Protein chains: 2
Amino acid sequence: MAKSLSKAALATSSKARPQSEAQPPRPVESLSIAQVAEQAGVSVATVSRVLNGHENVRPATRDRVLAAVDASGYRVNELARNLRTAESRLLLTMVPDVGNPFYAEIVRGIDSVARQHGYFMLLCDTGADPGRERSYFDLLRRRRADGAICLDPATIQQALGEASSALPWVACCEFDPEMGVPYVGIDNYRAAGDAVRHLLARGHRRIGLINSDVDYLYARQRQQGYLDALTEAGITPDERWRMNLNSLDYEAGASAAAVLMQQPDAPSAIFAVSDTLAIGVIHGLRNVGKHVPDDVAVVGFDDISLAAQIDPPLTTIAQPMRELGETAARLLLQRLANPLMNVPGVLLPHRLVIRRSA
Amino acid sequence: MAKSLSKAALATSSKARPQSEAQPPRPVESLSIAQVAEQAGVSVATVSRVLNGHENVRPATRDRVLAAVDASGYRVNELARNLRTAESRLLLTMVPDVGNPFYAEIVRGIDSVARQHGYFMLLCDTGADPGRERSYFDLLRRRRADGAICLDPATIQQALGEASSALPWVACCEFDPEMGVPYVGIDNYRAAGDAVRHLLARGHRRIGLINSDVDYLYARQRQQGYLDALTEAGITPDERWRMNLNSLDYEAGASAAAVLMQQPDAPSAIFAVSDTLAIGVIHGLRNVGKHVPDDVAVVGFDDISLAAQIDPPLTTIAQPMRELGETAARLLLQRLANPLMNVPGVLLPHRLVIRRSA
DNA sequence: GTGAAAGCGCTAACAA
DNA sequence: TTGTTAGCGCTTTCAC
């Protein structure tokens with residue numbers, strides 16, 4: 001097949017070039033339901049009934065309408081429909097960074113549930129930009145979407161502070177049980193404890209923590225889990241073993257690891273609160289000549305698919321990503337169906353996945 | 001700060017639990033422009049004028065309106081506005097897999113340009129599901145979005161086959177210059193050639209190709225670039241060195257590498273058409289005891305941020321992701337502004353990034 | 001079973 | 001400068 005492809009057909013210039021002249025005709029200015037009705041010799045009401053699958057239409061009439069729709073290529077103008085029905089059947093999902101693979105699977109879970117219930121799910125990348133964050137909530141306020149699921153801790157914090165709790169949204173992964181906003185997440189405190197206890201069981205006493213911003217509740221919970229696990233093991237946590245980062249990038253993890261290793265009496269193990277961070281940490285350790293897990297053990301958090309692929313494969317806390325997403329979607333749908341109902345908060349179980357990095 | 005966090009405030013149960021009772025009151029059934037007008041003692045037209053920043057409103061009147069808007073917390077119902085103005089100011093971006101980091105940066109480029117021009121960009125994960133793919137184009141047909149940018153080769157192929165060229169969309173990365181759909185991408189043929197020539201220059205003669213599905217034009221172009229580069233070097237390409245995958249997952253790359261290495265006379269170098277694949281390849285090679293780059297050299301494609309973080313850092317073809325996205329957005333905006341104009345296809349330069357894997 | 005007509009909330013002519 | 005009014009395209013009573 002590729003063999004039959006003439007080289008001439010392959011683009012070979014690196015400059016802008018005009019495309020083929022064969023621009024097809026633009027569609028005729030789009031039809032309205034009235035024109036279909038005329039075509040079919042019925043009223044707009046009947047066309048509408050057919051389009052919406054109402055029962056009270058004679059089969060013959062229905063067929064006539066369907067034929068007219070087919071022939072004309074008519075599509076409902078949902079803008080009009082939505083105005084009339086006062087709903088858009090659009091759900092928004094806000095993520096802090098689409099580049100972070102942790103969110104991908106959650107998003108799939110949301111999408112599948114949304115779809116089953118006749119909703120479209122669209123993704124918004126908040127990119128840690130406060131202006132953007134707010135603008136997505138505005139989409140909600142202005143009725144362009146029926147509801148939203150927010151996975152971005154920064155956005156969630158901001159929204160919680162703005163009395164947005166009356167808006168139809170739910171928080172996922174980051175949340176505040178006190179705020180009256182439905183949420184789903186895991187028990188971050190226990191999960192962090194589990195990670196640290198695993199390191200402890202491996203004989204580590206000097207355990208570092210690479211955390212994100214403690215402005216986020218999940219970061220505080222994980223930090224507390226880490227601290228308490230150490231304390232319970234009779235270890236006094238050392239301030240110098242802890243770092244707070246405002247990014248979950250690989251690079252951030254790499255440089256944090258380098259900093260951590262510079263001190264005398266550096267940790268023999270590092271717990272990073274995200275797999276992306278942990279992968280960066282492993283890279284950073286390698287850069288300063290440390291071998292994982294022999295010199296320094298590393299445990300991550302999330303269990304993204306990449307975690308099993310790197311060298312050494314990453315020991316990490318697995319979050320039930322798909323279920324997190326599905327649950328979030330169901331919570332939102334519940335809230336939409338019954339705005340007055342108290343929607344519960346949900347915690348899902350996590351799991352320690354032991355691989356070679358620790 | 002974390003210290004002051006009482007343990008009781010941390011969630012510690014793994015079961016669903018009711019949220020706080022402090023459910024705030026739902027918003028009063030939302031206001032219309034008419035109520036604001038009444039509040040301000042003006043007509044709806046005047047309110048509309050103020051809202052849309054028209055000049056011909058007396059400052060005093062404007063202030064009165066603004067005050068009423070503020071006091072009432074009114075927000076435009078964009079559903080109504082959009083019906084009236086016949087545009088949604090929403091742009092869709094379709095990606096095959098949000099989990100693939102290659103798309104993240106492109107998406108940012110699109111978003112920033114869209115935003116500058118007063119559009120929202122929302123992401124759609126097509127997930128290689130034909131039903132879903134089509135449904136997103138339907139969003140376009142039904143006027144819920146003004147335009148779309150498609151990054152998914154499968155969706156692009158399908159759309160090209162369905163006379164969708166009249167719809168306001170542009171193709172990014174995968175495209176067909178003949179179809180009259182604006183596009184932006186790189187010169188895949190030359191880029192693949194560059195990758196192979198680098199391997200050749202390093203002394204490799206047995207060079208494997210791990211490609212995606214040759215149904216995609218980009219895959220055929222890269223394959224052709226690979227074949228021609230070999231031929232020009234006086235090497236007869238061996239069928240057994242080539243594999244076609246229908247996934248770009250890490251796992252797919254890992255198992256493909258294992259298969260490739262099983263044969264006698266296995267390649268001493270592998271060119272994978274995506275970094276995710278290449279990272280999987282490195283992992284797969286490690287599993288069968290091969291060391292990169294000493295036993296087998298690997299070059300990838302895309303230059304995602306992870307490429308520099310893995311061990312060994314990946315030699316790859318860098319695509320100008322941000323510019324790809326920005327250009328795609330500008331092309332789309334052009335098409336929206338002037339539907340009848342011929343929008344050009346654009347090819348952007350790529351770059352070979354040499355790291356340690358080859 | 002089908003049609004006529006009201007109206008969703010907004011913008012933009014057109015009038016005043 | 002401001003108000004009145006006619007739709008945008010659809011769904012949905014309410015008649016027939």
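This structure is a prediction, so every number in the text was calculated from the model and none was measured. Here is the naming used below: chain letters follow the sequence lines, and residue numbers restart at 1 for every chain.
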Practice item. Tell whether A:Arg142 reaches the base of C:dG9 with its side chain through a donor-acceptor pair below 3.5 angstrom. Key: no

Practice item. Give a yes or no on whether a donor-acceptor pair under 3.5 Å exists between the nucleobase atoms of C:dG9, that is its base, and the side chain of B:Arg84. Key: no

Review point. Checking all strands, does A:Asn82 fall into the base, sugar-phosphate, or nothing category for heavy-atom contacts under 4.0 angstrom?
Key: nothing

Exercise for review: Please tell me which of A:Val76 and B:Gly41 maps to the more 5' nucleotide of DNA chain D, matching each residue to the nucleotide holding its nearest heavy atom.
Suggested key: B:Gly41

Review point. Between A:Asn77 and D:dC8, does any side-chain N or O lie under 4.0 Å from OP1 or OP2?
Key: no

Review point. Is the backbone N or O of A:Leu79 less than 3.5 Å from a side-chain atom of B:Asn82, with the two atoms forming a donor-acceptor pair by type?
Key: no

**Study point:** Donor-acceptor pair under 3.5 Å, B:Arg49 side chain vs D:dG3 base
**Key:** yes

Point to revise | OP1 or OP2 of C:dT2 under 4.0 Å from side-chain N/O of A:Ser43 | key: no

Review point. Please give, in whole Å, the distance from D:dA15 P to A:Asn56 CG?
Key: 17 Å

Check your understanding: Is there side-chain contact between A:Tyr74 and A:Gln39, with at least one heavy-atom pair below 4.5 Å?
Key -> no

Point to revise | Interatomic distance, B:Glu87 CD vs C:dA12 P [rounded to whole Å] | key: 10 Å

Point to revise | Ion pair check, B:Arg75 and A:Asp138, cut-off under 4.0 Å | key: yes

Exercise for review: Output yes when a side-chain donor or acceptor of B:Ser48 lies under 3.5 Å from a complementary backbone atom of B:Val44, and no otherwise.
Suggested key: no

Practice item. Using a 4.0 Å heavy-atom cut-off across all strands, classify A:Ser48 as base, sugar-phosphate, or nothing. Key: base

Practice item. Look at B:Arg58 and D:dT1 and indicate whether a side-chain polar atom (N or O) is within less than 4.0 Å of OP1 or OP2. Key: no

